[in-house]
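Report on one structure; see the data block that follows.
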Amino acid sequence: MKSYRKELWFNTKNRREFINITPELSRCVQESGIKEGLLLCNAMHITASVFINDDESGLHRDFEAWLEKLAPEKPYEQYHHNGFEDNADAHLKRTIMGREVVVAITDGRLDLGPWEQIFYGEFDGKRRKRVLVKIIGE
Ligand code: ZN
């Protein structure tokens, strides 16, 4: 069995952003040389997500509005967590959007559904953060 590991780094301009990382993950699959196996991609931070959904800007605005309803960023004092930090909302948003995805690799390619795209979801950005990419198979 082969195994491959890589970290992808991000430094977003905004506190919250969604970044389509499907092309980068496809490059990882190519680099790994693995034809049949599994790719795991997880955020290495507790205020960021990796998730699969549609790459459609209206939907991304809907996610932003929905997440702000569930866990509004402000007022910061509404959260017990915000004693020394201001990112309680980011922890909650990350929990809803998920930590990781696992995608099958078939014939050397990500075996995604027709509209599935893989996203890095940043909820407390403007600093360097990363995801782990682990691929196993043969
Ligand atoms: Zn925190």
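Just so you know, ligand 1 is whichever comes first in the structure, and atom 1 is the first atom listed for that ligand. Not measured: the values here are computed from a predicted model.
- Clustering of Ile, Leu, Val, Met, Phe, Trp and Tyr by side-chain heavy atoms under 4.5 Å joins Tyr4 with Leu8, Phe10, Ile19, Ile21, Leu25, Val29, Ile34, Leu39, Val50, Ile52, Val101, Val103, Ile105, Leu110, Leu112, Ile118, Tyr120, Val131, Val133, Ile135.
- At distances below 3.5 Å, at least one donor-acceptor pair connects side-chain atoms of Asn82 with backbone N or O atoms of Tyr76.
- Trp9 belongs to no multi-residue hydrophobic cluster, having no ILVMFWY side-chain contact under 4.5 Å with any other such residue.
- The main-chain N or O of His45 is never found under 3.5 Å from a side-chain atom of Lys129 such that the two would form a donor-acceptor pair.
- Its side chain outside the 4.5 Å cluster rule for every partner, Ile46 clusters with none of the Ile, Leu, Val, Met, Phe, Trp and Tyr residues.
- Classified by interplanar angle (parallel below 30°, tilted 30° to 60°, perpendicular above 60°), the ring pair Phe51/Phe119 is parallel.
- Counting only protein N, O or S atoms closer than 2.8 Å to the Zn ion (ligand 1) gives 4.
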